[in-house]
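A short write-up of the structure that comes next.
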Amino acid sequence: KSGIPLADMNRTLLQTGMIHHLSMMNGLGLIEKEKAEKLEAIIDRVARDTILWELLQMVRNYWKDCAGGNTGLIDFKV
């Protein structure tokens, strides 16, 4: 009996998952550098539209720390 419409909840959950997944892929170096810059701008725009802004900052910091500041931490070609 929440005052929040179900459609808004579903949209926020989908955005949260996509932002986390794409941030992880970017942090691990799986996205090309030029595409990663565009992706970050899109993620920023989407996150500012929701309550996810603080969560996005935590996710980015987590994956940046996991990669030690280096992209391409994992070599999937091996």
Side-chain angles (χ1 to χ4, degrees):
K1 298 192 180 208
S2 172
I4 302 171
L6 183 59
D8 289 347
M9 290 289 287
N10 286 337
R11 180 176 59 90
T12 300
L13 288 171
L14 176 64
Q15 289 173 341
T16 303
M18 291 299 295
I19 287 170
H20 185 83
H21 187 76
L22 292 170
S23 295
M24 175 206 55
M25 290 176 64
N26 192 29
L28 294 174
L30 300 176
I31 299 176
E32 297 171 10
K33 188 156 185 85
E34 51 280 344
K35 289 182 182 178
E37 292 172 6
K38 292 178 185 177
L39 180 64
E40 289 296 321
I42 293 169
I43 289 173
D44 283 348
R45 189 176 53 205
V46 170
R48 288 175 197 250
D49 183 44
T50 66
I51 59 171
L52 301 176
W53 187 246
E54 290 81 15
L55 177 63
L56 172 60
Q57 300 311 311
M58 291 181 355
V59 166
R60 281 183 175 160
N61 289 334
Y62 175 82
W63 287 111
K64 202 177 293 182
D65 292 344
C66 281
N70 300 318
T71 57
L73 180 67
I74 298 174
D75 185 4
F76 286 101
K77 295 178 184 175
V78 174

Exercise for the section: Check side chain to side chain contact (heavy atoms under 4.5 Å, CB included) between D44 and all other residues, then give those that pass, not counting sequence neighbours. Expected result: R48, W53, L56, R60
Problem - For E32, side chain to side chain contact (heavy atoms under 4.5 Å, CB included) partners two or more places apart - result: E34, K35
Handout entry: Interatomic distance, L39 atom CG to L22 atom CG [nearest 0.5 angstrom]
Key = 5.0 Å
Problem - Any residue meeting side chain to side chain contact (heavy atoms under 4.5 Å, CB included) with M58, in chain and number order, not counting sequence neighbours - result: L55
Exercise for the section: Answer yes if L14 and I42 sit in the same cluster of Ile, Leu, Val, Met, Phe, Trp and Tyr residues linked by side chain heavy atoms under 4.5 Å apart, and no otherwise. Expected result: yes
Handout entry: Nearest-0.5 Å distance, CG of residue N26 to CD1 of residue I19
Key = 13.0 Å
Problem - Reported CD1-to-CE distance for the pair I43 and M18, which is rounded to 0.5 angstrom - result: 8.5 Å
Completion exercise
Looking only at heavy atoms, the pair that brings A36 and I31 closest together is N-CG2, 3.7 Å
Completion exercise
Rounded to the nearest 0.5 angstrom, the CE-NE2 distance for M25 and H21 is 5.0 Å
